[in-house]
Amino acid sequence: MNVKKQKEIAERLIKGVTWLEVHGTDGEVAQGIREEMANIARQLCPSSPTDPLFLQDLVSALSETVFTWLERSPEIWEESLLSDTLLPCAKELDAVLALCTEGNSPAAEMRRKEETQRKLMDLHQASNTAYRYRVSIVVTCYNHLAYTKLAIDSILKYTDFSRGDVELIVLDNGSSDGTAEYLSSLDSSVRRMYFTRNARPNMSYRWLIQGQYFVGFSNDAVATPHWLENLLTCIESAPDIAMVVPTCPGFSISNLQGIAISYANEISQMDKMEAFAAVFNQSDPQKWEERAVLMPFVSIVRTDVFITPVFDLGYFKIDFIDDDMSTALRRSGWRMFLAKDTFLHHFGSVTLRHEHVQENSLFFMRKYYHDKWGVDAWNGRGVSLLAENFITERTAKQDDHLLLLDPKFGQMYFNICNVYRRQKISLPKTDVILTDSRYLLDQAKSVAQIFTGKLLEDVLPKLKNSYDMIVSGSYFHEISLRDLEGVLFALTHLLQPGGMLVLPFKNPLAKDQLAALLTDPFTGMYAGDPLPSFMLPPEDIMRRLSDNPWVTENFHCRVNFVESNSSDAWSERFASFLEELGWNIADERKRYLFRDAFIVKLIRKNAPRK
């Protein structure tokens with residue numbers, strides 16, 4: 001059956017289920033409609049799912065849910081099954097088939113992306129008030145009953161439902177461990193959705209949510225005191241904030257979003273966790289961090305933004321859907337914050353962990369992201385080093401002027417602004433140089449000027465200002481340039497007295513860099529990503545600087561190393577392996593294996609020497 005015919009059947013299905021919802025399931029007419037709808041739903045379920053990029057597996061799962069329930073006696077249905085499961089399921093089926101009708105050709109993907117971005121930009125002028133509830137919380141479940149119970153019980157314990165402005169929706173994706181039975185035991189005020197099997201990405205709940213804000217809550221997360229109040233305070237602090245995510249244990253999340261905890265990652269330790277969170281969760285705007293990318297294990301999002309839809313069903317293996325959503329928001333002028341005044345526990349990828357290895361989902365979805373946006377989700381983040389690594393070496397001022405070099409997604413800019421925010425200092429006036437125009441739309445609205453050019457040395461003569469800080473948002477050797485010494489000399493002349501130049505580099509002697517050279521030097525590179533202009537060890541960089549009399553006369557120069565995240569034991573084994581290959585690695589040189597990157601910092605003296 002072709003997709004167009006499937007779409008026609010789905011539209012009939014919506015009409016049939018809507019009739020049953022309005023008129024009830026009793027009587028011969030209703031029974032006939034149920035049987036007819038079950039039969040046409042079965043037609044939508046292919047015997048073997050086709051190309052998953054066309055979402056046929058999701059189509060199969062949704063239609064299977066519809067005909068399975070319709071073939072059962074209504075006597076065993078929950079009263080709300082038609083309105084809370086079957087109708088949203090039929091609507092989602094119709095929407096997915098509409099996507100399949102368009103196809104996934106590059107032209108179709110481009111049309112969808114441009115339409116979504118236009119809608120997101122239009123929402124800046126839209127009203128965000130016509131909702132039945134203030135918040136809709138959705139918990140999606142698939143097995144792991146113990147974690148699911150803990151998640152839902154914690155929501156019920158630490159969320160104020162007394163005002164009637166918060167709704168809770170739970171969705172079971174065909175669990176086989178008693179999850180459905182547990183959800184059935186919940187109070188009738190909780191809306192429940194039951195699907196017969198797990199298929200992703202199943203967003204059927206978007207047809208149910210009636211809150212001004214949507215909270216997606218993982219079933220391996222645990223709510224804590226004041227969690228929702230704090231998140232609402234943050235997202236409502238400015239009209240252009242679209243999403244806020246709380247912090248959690250550092251081991252359970254990437255992207256430097258977590259913190260250290262004082263208890264074990266075990267269900268038996270949740271009493272200690274709650275005591276920790278009760279002290280931690282004190283609303284404090286100075287602890288909010290603006291981010292270019294967020295990983296939302298739990299998130300609060302404006303509902304009008306969420307149902308645009310900002311999510312892309314093409315991420316059928318889920319990975320990188322968070323990067324995609326962040327990019328869509330960032331490039332349409334919406335802001336995202338990590339609320340580091342709000343802690344929730346996160347056990348860490350209980351449901352999805354095995355797929356990263358068994359299905360190589362990271363590879364496929366990373367490529368899908370690159371094909372859609374034209375940049376790599378990981379390389380585009382630029383330098384992930386915390387601004388505190390260098391900004392504390394000079395006193396921030398109210399009228400600071402900042403120059404950023406190739407900040408890519410812009411996280412380095414946000415890192416610096418977050419430090420100023422914590423110090424209660426107004427954000428620095430910021431100019432940006434881009435040698436890679438693919439990142440033009442990623443730059444924050446608050447940036448003053450953007451200068452573009454193919455080579456850094458071609459852009460620098462355009463600048464007429466002097467700066468308190470010049471910071472590279474990319475590893476400096478990855479920026480397009482030809483004359484290293486000339487560029488360094490030009491950058492130092494742009495600094496005001498007391499100003500600081502910060503240039504991060506990957507360490508060419510780090511074990512990961514050497515391993516890449518021994519295998520494939522282009523591992524991880526994507527079409528359009530420029531090759532490094534140069535790769536030099538820190539001594540070579542410092543020698544080139546010290547050979548310049550202007551630099552030695554007017555600047556303090558130093559190098560700081562960033563330690564590797566890998567264990568020392570792994571580094572030692574790699575060093576031994578290189579020695580077996582005949583490499584003569586002295587102990588002084590071995591230490592470089594432990595260090596992923598280094599930062600060259602030049603601080604201009606307040607006055608030249610006499």
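No hydrogens, no waters, no symmetry mates; every other heavy atom, side chains included, goes into these values.
Between Y315 and F320, the ring centre distance reaches or exceeds 6.0 Å.
In this structure, CG on L232 lies 8.5 Å from CD on Q212, to the nearest 0.5 angstrom. N230 CG to I235 CD1: the interatomic distance, rounded to the nearest 0.5 Å, is 13.5 Å. Distance check: M412 CE to L404 CG gives 8.0 Å after rounding to the nearest 0.5 Å. Taking CG from N255 and CG from L338, the interatomic distance works out to 8.5 Å, rounded to the nearest 0.5 Å. Between the CG atom of D324 and the CG atom of D319 there is a distance of 12.5 Å, given to the nearest 0.5 Å. Of the inter-residue distances, the one linking L427 atom CG with Q398 atom CD reads 10.0 Å to the nearest 0.5 angstrom.
Using a 4.5 Å heavy-atom threshold, the side chains of P309 and M203 count as separate. Side chains of M110 and K113 form a contact here, defined as non-hydrogen atoms less than 4.5 Å apart. For the pair E478 and K408, the minimum side-chain heavy-atom distance is below 4.5 Å. With contacts defined as side-chain heavy-atom distances shorter than 4.5 Å, the pair Y213/N128 qualifies. Taking the side chain as every heavy atom from C-beta outward, V487 and L491 approach each other to under 4.5 Å. Proximity of F476 to V600: side-chain heavy atoms (C-beta onward) are nowhere separated by under 4.5 Å.
Remark: D442 engages R331 in a salt bridge, criterion side-chain N to carboxylate O under 4.0 Å. Salt-bridge annotation for R421 and E289: absent, with no side-chain N of the basic residue lying under 4.0 Å from a carboxylate O of the acidic one. Salt bridge annotation for D376-R366: present, with a cationic side-chain nitrogen under 4.0 angstrom from a carboxylate oxygen. Salt bridge absent: E115 and R112 never bring a charged side-chain N and a carboxylate O closer than 4.0 Å. Looking at K119 and D122, no side-chain N of the basic residue comes within less than 4.0 Å of a carboxylate O on the acidic one, giving no salt bridge. Salt bridge E485/R544: present, at least one basic N to carboxylate O contact under 4.0 Å. Salt-bridge formation is detected for the pair E290/R335: a Lys NZ or Arg NE/NH1/NH2 atom is positioned less than 4.0 Å from an Asp or Glu carboxylate oxygen.
The 12-atom threshold is not exceeded at NZ of K424, counting heavy atoms of other residues, nucleotides or ligands nearer than 6.0 Å. Within a 6.0 Å sphere centred on NZ of K454, heavy atoms belonging to other residues, nucleotides or ligands number 12 at most.
Checked by atom type, the side-chain pair W378/D323 shows no donor-acceptor distance below 3.5 Å. Judged by distance alone, the side chains of W288 and D341 do bring a donor and an acceptor atom under 3.5 Å apart.
The two residues P428 and I416 make their nearest non-hydrogen contact at CG-CG2, 4.4 Å. When every heavy atom of Q257 is checked against every heavy atom of M295, the shortest pair comes out as OE1-N, 2.6 Å. Nearest heavy atoms, R302 versus L123: NH2-O, 3.8 Å. The two atoms that bring S472 and V383 nearest to each other are O-CG2, 4.2 Å, heavy atoms only. The two residues P249 and H346 come nearest to each other via the heavy atoms CD-N, 3.7 Å. Closest approach of A339 to L231, counting heavy atoms only: CB-CD2, 4.0 Å.
Classification of the H477-F505 ring pair by plane angle, with boundaries at 30° and 60°, yields parallel. Taking the six-membered ring for Trp and thresholds of 30 and 60 degrees, W550 and F555 have ring planes more than 60 degrees apart, a perpendicular arrangement. Using cut-offs of 30° and 60° for the angle between ring planes, the Y369 and F409 rings count as perpendicular.
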### Task
Mind running side-chain contact (heavy atoms from CB on, under 4.5 Å) on D322 and V293 for me, showing each step along the way?
CA-CA 8 Å; D322 302 330; V293 178; over 6 Å; no

### Task
Report the C-alpha separation of T492 and L488 in whole Å, then their side-chain angles, then the decisive distance to 0.1 Å, and conclude whether the side-chain contact (heavy atoms from CB on, under 4.5 Å) test is met.
CA-CA 6 Å; T492 58; L488 290 173; 5.6 Å; no

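Between the side chain of S474 and the backbone N or O of D406, at least one donor-acceptor pair lies under 3.5 Å.
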